[in-house]
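Order of listing sets the numbers, starting from 1, for every ligand and every atom in it.
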Amino acid sequence: MTKRFVTASGAEVQLGRELGKGGEGSVFEIPSLPNQVAKLYHQSVDKLKQDKLRFMATHGDQALLQYAAWPQGTLHPSVSGPVAGFLMPKVTGRDPIHMLYSPAHRRQNRPNAAWDFLLYVARNTAAAFETLHAHGHVLGDVNQGNVMVGVDSKVILIDCDSYQINASGTLHLCEVGVSHFTPPELQGLQSFRGVKRSASHDNFGLALLIFHLLFGGRHPFSGIPQKSDDLIGIL
Ligand SMILES: Nc1ncnc2c1ncn2[C@@H]1O[C@H](COP(=O)(O)OP(=O)(O)OP(=O)(O)O)[C@@H](O)[C@H]1O
Ligand SMILES: [Mg+2]
């Protein structure tokens, strides 16, 4: 793959080491911009997704950047070429949230992280979701790998290019999702193609993340009543 791209204004960007790889793209260091990384797509990007990325790159603000690795600029093979990827802030020194809510990983990686720390992480995760929702956007693909947690309990969301984006009235849908964090009403769909997500759908995933954090990685639906009248007292 070519290692040289240009921004929308023609500035040259040389890629360095690959930091991570997903289904859609790979993320690279940029030696000349140590606080930024570049995500390059494995496949060519269709026109709608190019529009989405251009909108995102020009509509990030301080509130979003506090909680998300929001696209900062598009990358192209040449100035007049299509969008092939984008620049975003580099996320370092953070672990995906599942490394915290799994008691085994927490014991190993964050032995001093106690209940109060988990409460702060839960609070900060909720604040990240709320900030996105206040801008009219929806995460859609809530999952355990896209919420990155620092030693200060602050949370940064990654994989923002998959979000459902409200581009001043034009909706760019999120067409992916993980069944574990998908609310009951969206379970069983063949795919998320054409499905408009809402903040409430995200909030189901958020509630799950928080439950996992506060209850040792357990799922709220995993409890099995021991007797047929177990739930009568609380219903
Ligand atoms: N802003 C960032 N700073 C540093 N590393 C990052 C950043 N964003 C992503 N990464 C790394 O690159 C990997 C792939 O990124 P990302 O999840 O955005 O790709 P993807 O192809 O969309 O993945 P998926 O198919 O799971 O949606 C991440 O798991 C992470 O390790
Ligand atoms: Mg993705």
Give the residue, atom name and distance (to 0.1 Å) of the protein heavy atom nearest [atom].
{"atom": "atom 29 (O) of ligand 1", "answer": "I158 CD1, 4.4 Å"}
{"atom": "atom 9 (C) of ligand 1", "answer": "V27 CG2, 3.6 Å"}
{"atom": "atom 31 (O) of ligand 1", "answer": "G20 CA, 4.1 Å"}
{"atom": "atom 17 (O) of ligand 1", "answer": "D159 CG, 3.8 Å"}
{"atom": "atom 23 (O) of ligand 1", "answer": "G22 CA, 3.4 Å"}

Enter the distance from [X]:[atom1] to [Y]:[atom2] here, rounded to the nearest 0.5 Å.
{"X": "C174", "Y": "D161", "atom1": "SG", "atom2": "CG", "value": "10.0 Å"}
{"X": "Q72", "Y": "M88", "atom1": "CD", "atom2": "CE", "value": "10.0 Å"}
{"X": "L171", "Y": "S168", "atom1": "CG", "atom2": "OG", "value": "11.5 Å"}

Among [options], closest by any non-hydrogen atom to [atom]:
{"atom": "atom 4 (C) of ligand 1", "options": "L157, V91, L40", "value": "V91"}
{"atom": "atom 24 (P) of ligand 1", "options": "A69, G23, A68", "value": "G23"}
{"atom": "atom 18 (O) of ligand 1", "options": "K39, K90, K21", "value": "K39"}
{"atom": "atom 8 (N) of ligand 1", "options": "M88, M148, E29", "value": "M88"}

Identify the heavy atoms of [X] and [Y] that sit nearest to each other, and give their distance.
{"X": "V121", "Y": "V149", "result": "CG2-CG1, 3.8 Å"}
{"X": "S153", "Y": "N124", "result": "O-ND2, 2.8 Å"}
{"X": "P184", "Y": "F204", "result": "CD-CE1, 3.6 Å"}
{"X": "F28", "Y": "G16", "result": "CD2-O, 3.5 Å"}
{"X": "F211", "Y": "R218", "result": "CD2-O, 3.3 Å"}

query: Does ligand 1 have any atom that is closer than 4.0 Å to a heavy atom of P89?
result: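 Under 4.0 Å: yes for P89.
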task: Could you tell me whether ligand 1 has any atom less than 4.0 Å away from a heavy atom of G145?
output: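 Contact check G145 vs ligand 1: negative.
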- request: Using distance alone, determine whether G25 and ligand 1 share an N or O pair under 3.5 Å.
  value: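 It does: an N or O of G25 is found under 3.5 Å from an N or O of ligand 1.
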query: Centres of the H180 and H219 rings: under 6.0 Å?
result: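 Close enough - the centres of the two rings lie under 6.0 Å apart.
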task: Would you please test H135 and D61 for side chain to side chain donor-acceptor pair (under 3.5 Å) and show each step?
output: CA-CA 10 Å; H135 285 74; D61 59 23; 2.7 Å; yes
message: With salt bridge (Lys or Arg N to Asp or Glu O under 4.0 Å) as the test, pick out the partner of E29 among K39, K3, R17.
response: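 When salt bridge (Lys or Arg N to Asp or Glu O under 4.0 Å) is applied between E29 and each of K39, K3, R17, only R17 qualifies.
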field: Element-labelled atoms of ligand 1 that are located less than 4.0 Å from some non-hydrogen atom of E24
entry: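 Per the distance check, 20 (P), 21 (O), 22 (O), 25 (O).
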message: At less than 4.0 angstrom from any non-hydrogen atom of V37, what atoms of ligand 1 do you find?
response: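 The list of qualifying atoms is 1 (N), 2 (C), 3 (N).
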- prompt: Closer than 2.8 Å to the Mg ion (ligand 2), which protein N, O or S atoms?
  reply: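 Within the sphere that stays under 2.8 Å of the Mg ion (ligand 2), the protein atoms of type N, O or S are D159 OD1, D159 OD2.
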Any donor-acceptor pair under 3.5 Å from D202 side chain to G140 backbone: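 Answer holds: yes.
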- prompt: Apart from V176 itself, which Ile, Leu, Val, Met, Phe, Trp or Tyr residues share its cluster (side-chain heavy atoms under 4.5 Å, direct or through members)?
  reply: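 None; V176 is a cluster of one.
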